[in-house]
Amino acid sequence: VYKRQIMETSMEGIFTINPVGKLTFVNRRATELLGYTAEEMLGRSLFDFMDDESAARGRENLEKRKQGIKEHVDYRYLRRDGGIVWSITSLNPIFDYEGKFTGVLGMLIDISDRKVEEHLNRSLNIIANAISSTLDFDTILGKVINEAGKALDVEAASIILHEGGHWVVKSTYGPEELNLKMGQVYLAEQLPLVARVVGSRNIEVSKQPCADETDIWVNGRYEPGQYLLAPLIVRDELIGVIGFYSRCPYPMFDEHRIDFARKLSVSLSLATENVRLYQSESLQRALFQAIFDNAPMGIAVLDGGDLRVK
């Protein structure tokens, strides 16, 4: 009874499985992590609560326990609401007094926050490298939205820029039916969520899944889901918005993902400014070259330390 009380009050998830992997005990913390009741978990295979890759490794690793091998393994568990729990799982084989293998004692340490942060930081590094590899603005936008969409695991994403008093969709990620139309021009009143970002000049997010009567505007109609939008600001001018849309049934946009969007917004804003400066400089050089080539009389110009004479 004393040992059971310790396991039930532990801050880590604790479970036991029989030799074929079926759960014979789960403590309160384990049920909280996965969102099930103990009754719903007992008797089921532990691997039913893992994603496919972790379940495959788990079945293979069960053979190690039969050999008496202890191990700490990173597994991805599936919550009842569809969420993912990353856990360091400590696995200890159990043998009876006759040395017969009777199961495994496991302990779950939730490392989801660390794993999500590592994943998003890797994506930010990939995006930074992509931005620094070119000065072609369309290429930059395409690489950014594709990597960001994959990093956040959303259904759709888009980059919308403010041009000539209108909003223009410059780059998209995800299926057309869930996205704004590429190249489409919109009035401000057609994009109510963008208007919120314009008003606040800050990130706008729905942290909870919306009801069926959601006001999320997707490709000309209203769709249930969650959103995360970040402003693109260059020299105090709001030039655009990068937005993400998800149909995920559980709260999707936590503080890690909001911070990712904030950093992404800064990187893309700086990239936009650099491209503008490059384009401006290129235009000035082209204009100067045209003037120099068509000058009707002799002209001498000091260009970067070199004397050019015509």
Side-chain angles (χ1 to χ4, degrees), residues 119-188 190-198 200-205 216-220 225-246 253 257-283:
H119 166 67
L120 295 178
N121 283 337
R122 282 195 299 270
S123 294
L124 285 172
N125 288 333
I126 292 172
I127 288 171
N129 290 333
I131 288 175
S132 64
S133 68
T134 180
L135 285 169
D136 182 82
F137 195 42
D138 290 337
T139 300
I140 288 174
L141 296 182
K143 289 183 176 181
V144 167
I145 200 67
N146 279 312
E147 182 60 35
K150 290 186 292 184
L152 292 178
D153 194 23
V154 294
E155 280 77 11
S158 58
I159 297 174
I160 314 165
L161 298 184
H162 193 234
E163 298 179 351
H166 298 86
W167 291 92
V168 183
V169 182
K170 304 296 288 187
S171 192
T172 63
Y173 167 86
E176 291 184 3
E177 62 270 18
L178 290 179
N179 227 318
L180 297 173
K181 294 180 180 179
M182 182 70 173
Q184 184 72 36
V185 178
Y186 294 96
L187 298 174
Q190 292 179 290
L191 302 172
L193 294 179
V194 171
R196 294 184 191 179
V197 178
V198 173
S200 68
R201 296 174 67 86
N202 206 339
I203 286 179
E204 293 288 331
V205 61
I216 295 183
W217 193 93
V218 179
N219 200 12
Q226 304 170 67
Y227 64 84
L228 170 61
L229 296 97
L232 303 176
I233 299 174
V234 174
R235 295 183 181 273
D236 206 37
E237 174 192 359
L238 195 149
I239 64 161
V241 171
I242 181 167
F244 303 95
Y245 166 76
S246 173
F253 298 120
R257 290 169 175 84
I258 293 172
D259 186 57
F260 171 86
R262 184 176 292 110
K263 292 175 180 176
L264 177 66
S265 170
V266 172
S267 294
L268 187 52
S269 296
L270 290 173
T272 302
E273 183 174 13
N274 289 337
V275 169
R276 283 184 170 184
L277 291 172
Y278 171 75
Q279 291 174 341
S280 176
E281 182 179 331
S282 297
L283 181 61

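Computed over heavy atoms, backbone and side chain alike; hydrogens, waters and symmetry mates excluded. Everything numeric in this text was worked out from a predicted model, so none of it was measured.
- Annotation: the span from Ile127 atom CD1 to Leu264 atom CG amounts to 5.0 Å, rounded to 0.5 Å.
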### Query
Stepwise, does the side-chain contact (heavy atoms from CB on, under 4.5 Å) test hold for Leu268 with Leu141?
CA-CA 8 Å; Leu268 187 52; Leu141 296 182; 3.9 Å; yes
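- Here the straight-line distance linking atom CZ of Phe253 with atom CD of Glu204 works out to 13.5 Å at 0.5 Å rounding.
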Just distance, no hydrogens or angles: give the donor-acceptor pairs under 3.5 Å from side chains in residues 149-165, sequence neighbours left out.
{"from": "Glu155", "atom 1": "OE1", "to": "Ser246", "atom 2": "OG", "distance (Å)": "3.4"}
{"from": "Glu155", "atom 1": "OE1", "to": "Arg247", "atom 2": "N", "distance (Å)": "2.9"}

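- How far CD of Glu237 is from OG of Ser269: 10.5 Å, rounded to the nearest 0.5 Å.
- Expressed to the nearest 0.5 Å, how far CG of Asp138 lies from NZ of Lys170 amounts to 6.0 Å.
- By the side chain to side chain donor-acceptor pair (under 3.5 Å) test, Ser267 pairs with no residue at all, sequence neighbours left out.
- Of all heavy-atom pairs spanning Val169 and Lys181, the tightest one is CB-O, 3.3 Å.
- In this structure, Leu120 and Arg257 have side chains that are in contact, with non-hydrogen atoms separated by less than 4.5 Å.
- Contact record, Ile145 with Ser171: CG2-OG, 3.2 Å, taken as the closest heavy-atom pair.
- Looking at Thr134, Ile131, Val144 one by one, the single match for side-chain contact (heavy atoms from CB on, under 4.5 Å) with Thr139 turns out to be Thr134.
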### Message
Show, in sequence, the C-alpha distance, side-chain angles and deciding distance for Trp167 and Val198, and conclude whether the side-chain contact (heavy atoms from CB on, under 4.5 Å) test is met.
### Response
CA-CA 12 Å; Trp167 291 92; Val198 173; 3.5 Å; yes
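- Of all heavy-atom pairs between Gly183 and Val168, the closest is O-CG1, 4.2 Å.
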### Task
Go through the steps for Gln226 and Leu228 under the test side-chain contact (heavy atoms from CB on, under 4.5 Å), then give the verdict.
CA-CA 7 Å; Gln226 304 170 67; Leu228 170 61; over 6 Å; no
### Task
Any chance you could lay out the side-chain contact (heavy atoms from CB on, under 4.5 Å) test for Thr272 and Leu232, step after step, and finish with the verdict?
CA-CA 9 Å; Thr272 302; Leu232 303 176; 5.5 Å; no
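- Shown here for Ala230 and Ser265, the closest heavy-atom pair between the two residues is CB-CB, 4.0 Å.
- Between Leu124 atom CG and His119 atom NE2 the span is 10.0 Å, to the nearest 0.5 Å.
- Applying the side chain to side chain donor-acceptor pair (under 3.5 Å) test to Asp236 and every residue at least two apart in sequence or in another chain returns Arg201.
- Rounding to the nearest 0.5 Å places OG1 of Thr172 at 12.0 Å from CD of Gln184.
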